[in-house]
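Chain letters run A, B, ... following the sequence lines, proteins first and then strands; every chain starts at 1.
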Protein chains: 2
Amino acid sequence: MKIGELARRSGLSAHTIRYYERIGLLPPPDKNASGHRDYDVSILTWIDFLGRLKATGMPVREMLRYAALREQGAGTEAERQAILEIHREHVRARLAGLRENLSVLDTKIAGYAATVSAGDPAQSKGTKDDDHDIEHSDHRHGAL
Amino acid sequence: MKIGELARRSGLSAHTIRYYERIGLLPPPDKNASGHRDYDVSILTWIDFLGRLKATGMPVREMLRYAALREQGAGTEAERQAILEIHREHVRARLAGLRENLSVLDTKIAGYAATVSAGDPAQSKGTKDDDHDIEHSDHRHGAL
DNA sequence: CTAGGACTTCGAGCGCACTCCAAGTCAAGC
DNA sequence: GCTTGACTTGGAGTGCGCTCGAAGTCCTAG
């Protein structure tokens, strides 16, 4: 499979595929007589997994660590597992935060719905709101 | 409240607070006789909400639209509500995707756990894995 | 034989969201 | 009256993750 087809099938651009190879996320593929990259279909599985790591917020630096271990092959499983387990915790934390913020969003929207309907009782001149907020407790959002 | 205290209490740096003001996320506060910014505590509520928008992945561009409407005050509620409702859908989609990718991660980790324990039956020379993968169906990850 | 399109490498440029620096002002404490 | 430290402005720099452009090579079809 040449890079164009891989691009189509993976959803990445050819530029991005070469970039990933440059930085070490993708292993250097075989080249044919013309110097063109020739990919094995199995690369699609790896790209899919990379996509999942990315979608769950893993920084490229970390993917690189994982990819390097994968390249080394046997004997690196425990370390790869550890990386994924730590990442899984990050994802879980992110999920929890997202759920909480979603509920704040729900509350805020419900407040607007109440205000916008019913002829706007609480606002006549200059509502900048920060109204319908039902308490903010603590909540860190320093580190995303 | 001066900028230093606001920085401490909001978790943002003073640099970031000024930056947010420059771009329009924060309203220009009063200045005292020395030209120093003097904030009302109510700004903390707004910063907290901005933090939630950010934590849920809203781009600054979009926050700016919302902030501008908020500055305009009364009469912009419906539009603000619409922004939040659209954003809420994005957040829900993100949550769904995250949940799915989390389960893929679980499966992958379980595979490593099986491999790493039990004396490694499936790998002796050169496992790069893409093993324990139990089917990938489709899954877009082009647009994060 | 020539035009088109896909490929190659190298390096520059971009969008986002900060983050920091330099040079200056000002209030308070010793 | 002088140092310390928090503040001011404007603008430059940073890190991330791509994204694109230029110039060249190579295969294929007409």
Side-chain angles (χ1 to χ4, degrees), chain A residues 1-40 43 47 49-68 87 90 94 140-144, chain B residues 1-40 43 47 49-68 87 90 94 140-144:
Chain A
M1 182 176 17
K2 283 186 284 172
I3 198 170
E5 190 186 344
L6 180 58
R8 255 173 280 120
R9 292 176 63 173
S10 68
L12 300 179
S13 73
H15 277 310
T16 300
I17 292 168
R18 287 191 210 99
Y19 165 71
Y20 278 5
E21 181 185 329
R22 269 206 313 271
I23 67 174
L25 272 189
L26 294 180
D30 294 342
K31 307 269 187 101
N32 68 18
S34 311
H36 292 194
R37 290 170 179 77
D38 183 17
Y39 292 96
D40 188 290
I43 197 71
I47 290 177
F49 188 62
L50 283 177
R52 291 173 189 284
L53 293 180
K54 178 186 156 180
T56 48
M58 184 184 280
V60 167
R61 288 284 171 94
E62 196 72 355
M63 292 191 221
L64 243 33
R65 287 217 304 131
Y66 186 87
H87 181 57
H90 291 341
R94 192 183 201 65
R140 302 289 121 240
H141 49 267
L144 172 62
Chain B
M1 179 177 17
K2 283 185 285 172
I3 199 170
E5 190 186 344
L6 180 59
R8 256 172 281 118
R9 292 176 62 174
S10 68
L12 300 179
S13 74
H15 280 310
T16 301
I17 292 168
R18 288 193 208 96
Y19 164 71
Y20 278 5
E21 181 184 330
R22 270 207 312 271
I23 66 174
L25 272 189
L26 295 179
D30 294 341
K31 306 270 188 99
N32 68 19
S34 311
H36 290 195
R37 289 171 180 77
D38 184 16
Y39 291 96
D40 188 290
I43 197 71
I47 291 177
F49 188 64
L50 283 178
R52 289 174 190 283
L53 294 181
K54 179 185 155 180
T56 48
M58 184 184 279
V60 167
R61 288 283 171 94
E62 196 71 355
M63 292 192 221
L64 242 34
R65 287 215 307 131
Y66 186 89
H87 181 57
H90 292 341
R94 192 184 200 64
R140 304 287 119 240
H141 48 266
L144 172 65

Task: Donor-acceptor contact present, side-chain A:Asp30 to main-chain A:Asp38, <3.5 Å - done: no
Task: Validation row: A:Arg37, A:Lys31 side chains within 4.5 angstrom (heavy atoms) - done: yes
Task: Length of the line joining B:Leu12:CG and C:dT19:C1', which is rounded to integer Å - done: 13 Å
Open item on the list: Both B:Arg18 and A:Ile3 contact DNA chain C. Which one's nearest nucleotide lies toward the 5' end?
Closed with: A:Ile3
Open item on the list: Assuming nearest nucleotide by heavy-atom distance, tell me which of B:Gly35 and A:Val60 is located more 5' along DNA chain D.
Closed with: B:Gly35
- [ ] Figure out the CG/P separation between B:Leu64 and C:dC16, and round it to whole Å.
- [x] 11 Å
- [ ] Side chain of A:Arg37 only, please: which of C:dT9, C:dA17, C:dC16 is the nearest?
- [x] C:dT9
Task: Position toward the 5' end of DNA chain C (nearest nucleotide), A:Arg22 or A:Ser34 - done: A:Ser34
Open item on the list: Strictly below 4.0 Å, N to O, side chains only: are A:Arg18 and A:Glu21 in salt-bridge contact?
Closed with: no
Task: Length of the line joining B:Arg61:CZ and C:dA17:P, which is rounded to integer Å - done: 8 Å
- [ ] Nearest whole angstrom, please: distance from the C1' of C:dA17 to the CD1 of B:Ile17.
- [x] 15 Å
TODO: Give the nucleotide from the list C:dT9, C:dC21, C:dA17 with an atom nearest to the side chain of B:His15.
DONE: C:dC21
Open item on the list: Which residue is it: B:Leu26, B:Ile17, B:Ile43, B:Ile3? I am looking for the one with a side chain to side chain contact (heavy atoms under 4.5 Å, CB included) to B:Ser10.
Closed with: B:Ile17
TODO: State plainly whether the residues B:Arg65 and B:Glu62 are in salt-bridge range, i.e. N to O under 4.0 Å.
DONE: yes
Open item on the list: Would you compute the distance between atom CZ of B:Phe49 and atom NZ of B:Lys54 and round it to the nearest 0.5 angstrom?
Closed with: 15.0 Å
Task: chain A contact limits on DNA chain D, taken 5' to 3' with a cut-off of 4.0 angstrom to heavy atoms - done: D:dC16 to D:dC27
Open item on the list: Without decimals, in angstroms, what is the distance between A:Glu21 CD and C:dC10 P?
Closed with: 11 Å
Open item on the list: Taking 4.0 Å as the cut-off, does a side-chain nitrogen or oxygen of B:Tyr20 come that near to OP1 or OP2 on C:dC18?
Closed with: yes
Open item on the list: So, does A:Lys31 get its side chain near the phosphate of C:dT9, meaning an N or O under 4.0 Å from OP1 or OP2?
Closed with: yes
Task: Side-chain touch B:Leu25/B:Ile47, heavy atoms, less than 4.5 angstrom - done: no
